[in-house]
Asker: 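Let me begin by handing over the structure; questions about it come next.
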There are 2 protein chains.
Amino acid sequence: MPLAGRPTSKDVAQEAGVSQSTVSLVLGGKWSGRVSPATARSVRVAAERLGYRPNPAARNLRLGTTRTVLLMVPTLSAPFFGPVYTGAARVAARHGLGVVVSTWPDDADGPAESPFPAPHEAIDGVLASSMPAAALERFQGTPAVLLDSGPHADVPTVDFGVADGMRAIADHLTGLGHRRIGHVAAGVDQWTFRARAETLSAAVAALPGGALARAACAIDVASARDAAHRLLARPDPPTALVCDDDLIAAGAYKAARALGLDVPGEVSVTGFDDVLLATALEPELTTVRLPAEEMGAQGMTALLELLDGGRPAPRVLPGRLVVRGSSAPPRAPLPP
Amino acid sequence: MPLAGRPTSKDVAQEAGVSQSTVSLVLGGKWSGRVSPATARSVRVAAERLGYRPNPAARNLRLGTTRTVLLMVPTLSAPFFGPVYTGAARVAARHGLGVVVSTWPDDADGPAESPFPAPHEAIDGVLASSMPAAALERFQGTPAVLLDSGPHADVPTVDFGVADGMRAIADHLTGLGHRRIGHVAAGVDQWTFRARAETLSAAVAALPGGALARAACAIDVASARDAAHRLLARPDPPTALVCDDDLIAAGAYKAARALGLDVPGEVSVTGFDDVLLATALEPELTTVRLPAEEMGAQGMTALLELLDGGRPAPRVLPGRLVVRGSSAPPRAPLPP
DNA sequence: CTGAAAGCGCTTACAG
DNA sequence: CTGAAAGCGCTTACAG
């Protein structure tokens, strides 16, 4: 019972010798012209002496709003979500709102079927990022904006121009002369990865002589390394590995090195996202920069609009191809 | 006014033709033996039909607890905090608590002096990680545990054995034969970095012929690269760079490469933390593994103890030296 | 088995 | 300038 024993505004009132409503007026900053300066001062002194802090639950109940927004993400370990939060928090702060982050509850634990909101759902709205296809029901009744989760009929969305980004990668590589492409694909059930796979498939299929091989992996270095290794060990290995994520590209680098293949001399590698890791790698990674912070900001803007009773239009944020040192023309094939 | 118009338990009661207290009993799962199954069913149906969700603010006020804990971190962009969250959330879930994350508010925005808690402080307790020296006052009155913030007289703490970890790095390098050490130091006002600097200084000072040069940087690749470059460009360059963070080590790699220096052949590099990046780099990074997830778990355990009225003892979690490919004996000095 | 009522701690008309 | 009172939406004794 952590709040038990905490002083309330009533205690402060008693200490200051005034009424509870006067305390509320003074500490709420609405006293000028309504309470004498001397009384206000004594209230402040009493509050300070008692270490009084208003009970947020009471205030939230009374006001009908918590001025807090929840950002839901699949994981906090992916570097992508830091900037999303930053962008959202920046816009929120400008409107006097706080942002709090949480991850999808592990369905392993606890009764998933509780009709009750999780406690941290004492919030005004939700920004749900990179949602697994299903999980939207949890928010019925809570204003929500979907980030990086694909188009949706009923809910406002902010997405990246993933297809354009993937096409830019494909164009870049085929422009360099690559024809045998390997796709090291994130085996994750999210819209963005489905869109990446479909776009790449279509782009390579449209290419005379194009051939696509695909290997799926988890979004971690070891799993990506193994998947890339499978592709590179084929009898007709790809000359370029298109990776669904910068982290996956790091795994591809490792696979190439293990096979004694130079990047980009013997195999080109591309990433997706342009997180910090992209420039920490050697060679620096050709990738598509996704404006994560902008996604957070636009998402929060849309949510504010929604909370205001508006119907925010879907937004799509273009990615941008960033060519660095990991892509080059394929080595001329040796005569058979 | 996002909550306006939402159905309340009163609406459900009316819809089901029962009293509000019966609704509360049924939906709260405390009805068996007190409400007839038929009534319970009709309440559930009515709640479903109206899309009723209990108001968490009312429930929190009534119960005096939110069953939510706030994890405060300096930034969400550092990969270190993902595992801290995971560990804390795991322990919390076991006790029916939720964890929510937030960053230190940018003091730039807003009136820092508000006597009111930020809205997201509708919580039972705080896990404050890697605090800037000052910021503790914000929690007066809220049960708090300090993570990675150094010892504290009044507040329970969980810390890493940073000094031991740094000594292990120093011993490893001096054991290899290094004498001229460069410290690429995080210029951040946090206990952990002060402890790292002091320990390294002492270790090198205790070493016959030991010499330490230090350059400070921000915790990002570019800033670290510049700092490392300054050290390596000295007339008597260090043969080993001790970096305060794995990310800083990535910058040191870049500086070495820019100067044509092989790692570890011509300069050894060590990191700290052992985040994912450490094994994505080439060569893989010698570093100290800090058990971040364990810190989150132990911190939450301590907080639960505190909420239970206990006085949890300070905890120190040992780091572990992980030797990989980035450290080697120094090249024998050429005769003068 | 069911309902009327108290009360959590605030904010804000309203009365004086 | 100040205070008494209503009410936000719950949970939980208590009475019947």
Side-chain angles (χ1 to χ4, degrees), chain A residues 1-43 46-47 50 52-67 115-117 119 121-122 124 141, chain B residues 1-43 46-47 50 52-67 115-117 119 121-122 124 141:
Chain A
M1 204 69 87
L3 268 48
R6 251 175 52 163
T8 70
S9 60
K10 224 159 148 183
D11 298 321
V12 176
Q14 189 161 31
E15 177 84 4
V18 301
S19 75
Q20 185 269 333
S21 43
T22 299
V23 171
S24 189
L25 245 25
V26 171
L27 298 181
K30 309 206 167 152
W31 60 279
S32 100
R34 302 206 261 168
V35 176
S36 79
T39 304
R41 202 171 313 115
S42 75
V43 167
L50 297 181
Y52 169 71
R53 320 216 56 187
N55 180 322
R59 156 175 262 243
N60 292 342
L61 174 57
R62 173 63 224 239
L63 297 177
T65 170
T66 61
R67 303 204 69 73
F116 284 88
E121 291 188 24
D124 289 350
Chain B
M1 204 69 87
L3 269 46
R6 250 176 52 163
T8 70
S9 59
K10 224 162 148 184
D11 298 321
V12 176
Q14 189 161 32
E15 177 83 4
V18 300
S19 76
Q20 185 269 332
S21 42
T22 298
V23 171
S24 190
L25 244 24
V26 171
L27 298 182
K30 310 204 168 155
W31 60 279
S32 100
R34 302 208 262 168
V35 176
S36 78
T39 304
R41 202 172 314 115
S42 75
V43 167
L50 297 180
Y52 169 70
R53 320 216 54 188
N55 180 323
R59 156 175 263 243
N60 292 342
L61 174 58
R62 175 62 226 240
L63 296 178
T65 170
T66 61
R67 304 205 69 74
F116 285 88
E121 291 189 23
D124 288 351

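It should be emphasised that the depicted structure is a prediction, and the values quoted were computed from it without experimental measurement. The basis for the numbers below is simple: all heavy atoms, side chains too, and nothing from hydrogens, waters or symmetry mates.
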Asker: To the nearest angstrom, how far is Asn55(B) atom CG from dC8(D) atom C1'?
Answerer: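 Those two atoms, CG and C1', are 8 Å apart.
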Asker: Counting side-chain heavy atoms from CB outward, which of dC1(C), dC10(D), dC10(C) is closest to Ser24(B)?
Answerer: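 Minimum distance to the Ser24(B) side chain belongs to dC10(D).
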Asker: Of all residues at least two apart in sequence or in a different chain, which pass the side chain to side chain donor-acceptor pair (under 3.5 Å) check with Ser36(B)?
Answerer: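 Partners of Ser36(B) under the side chain to side chain donor-acceptor pair (under 3.5 Å) test: Thr39(B).
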Asker: Can you tell me how far the CG atom of Leu61(B) sits from the OG1 atom of Thr66(B), to the nearest 0.5 Å?
Answerer: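 The distance works out to 12.0 Å.
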Asker: Among dC8(D), dC1(C), dC10(D), which nucleotide sits nearest the side chain of Ser36(B)?
Answerer: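 Nucleotide nearest to Ser36(B)'s side chain: dC1(C).
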Asker: Could you give the CZ-to-C1' distance, from Arg59(A) to dG7(D), as a whole number of Å?
Answerer: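 Checked: the CZ to C1' distance equals 17 Å.
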Asker: Just the rounded figure in Å: distance from P of dC14(D) to CZ of Arg34(B).
Answerer: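 In whole Å, dC14(D) P and Arg34(B) CZ are 12 Å from each other.
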Asker: For DNA chain C, what residues of residues 8-21 of chain B have any heavy atom nearer than 4.0 Å?
Answerer: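 Hits under 4.0 Å, by residue number: Val18(B), Ser19(B), Ser21(B).
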Asker: Need to verify one output field. Residue with the more 5' nearest nucleotide on DNA chain C, Ala58(B) or Thr22(B)?
Answerer: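 Whichever sits nearer the 5' end wins; that is Thr22(B).
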Asker: Nearest whole Å is fine: how far is dC10(C) P from Asn60(A) CG?
Answerer: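 Computing the Asn60(A):CG to dC10(C):P distance gives 12 Å.
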Asker: If you check every side-chain atom of Leu63(B), which of dC10(C), dT12(D), dC10(D) has the closest atom?
Answerer: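 Closest nucleotide among those given: dT12(D).
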Asker: Considering only side-chain heavy atoms of Lys30(B), which listed nucleotide, dC1(D), dT12(D), dT2(C), is closest?
Answerer: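 Between dC1(D), dT12(D), dT2(C), the one nearest the side chain of Lys30(B) would be dT12(D).
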Asker: Report the distance from atom CG of Leu27(B) to atom P of dT12(D), rounded to the nearest whole Å.
Answerer: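 To the nearest whole Å, that distance equals 13 Å.
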Asker: Rounded to whole angstrom units, what separation is found between the OH atom of Tyr52(A) and the C1' atom of dG9(C)?
Answerer: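 It is 7 Å, rounded to the nearest whole Å.
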Asker: Atom CG of Leu61(B) and atom C1' of dC8(C): how far apart are they, to the nearest Å?
Answerer: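 Result: 4 Å.
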Asker: Partners of Arg34(B) by side chain to side chain contact (heavy atoms under 4.5 Å, CB included), sequence neighbours excluded?
Answerer: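 Residues passing side chain to side chain contact (heavy atoms under 4.5 Å, CB included) with Arg34(B): Leu25(B), Lys30(B).
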Asker: Could you work out, with side chain to side chain donor-acceptor pair (under 3.5 Å) as the rule, every residue matching Ser42(A), not counting sequence neighbours?
Answerer: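 With neighbours one apart ignored, the set is empty.
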Asker: Under the criterion side chain to side chain contact (heavy atoms under 4.5 Å, CB included), which of Val43(B), Val23(B), Thr22(B) is the partner of Ser9(B)?
Answerer: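 For Ser9(B), the side chain to side chain contact (heavy atoms under 4.5 Å, CB included) check succeeds only for Val23(B).
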Asker: Can you give me the closest heavy-atom contact between Pro7(B) and Leu50(B), atom names plus distance?
Answerer: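 Heavy atoms of Pro7(B) and Leu50(B) come nearest at CG-O, 3.4 Å.
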Asker: Taking distance alone, no hydrogens or angles, what donor-acceptor pairs closer than 3.5 Å link side-chain atoms of residues 10-18 of chain B to residues at least two apart or in another chain?
Answerer:
unit_1: Asp11(B); atom_1: OD2; unit_2: Thr8(B); atom_2: N; d: 2.8
unit_1: Glu15(B); atom_1: OE2; unit_2: Arg49(B); atom_2: NE; d: 2.7
unit_1: Glu15(B); atom_1: OE2; unit_2: Arg49(B); atom_2: NH2; d: 3.1

Asker: Grab the two heavy atoms, one from Arg53(B) and one from Arg6(B), that are nearest each other, plus how far apart they are.
Answerer: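 Looking at all heavy atoms of both residues, the shortest contact is O-NH2, 3.2 Å.
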Asker: If a pair means Watson-Crick or G-U wobble with both distances below 3.5 Å, what does DNA chain D look like in dot-bracket form, with | marking bases paired to a different strand?
Answerer: |||.||||||||.|||
Asker: Kindly say if Thr39(B) contacts the phosphate of dC1(C), meaning a side-chain N or O under 4.0 Å from OP1 or OP2.
Answerer: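 Thr39(B) to dC1(C) OP1/OP2: no side-chain N or O under 4.0 Å.
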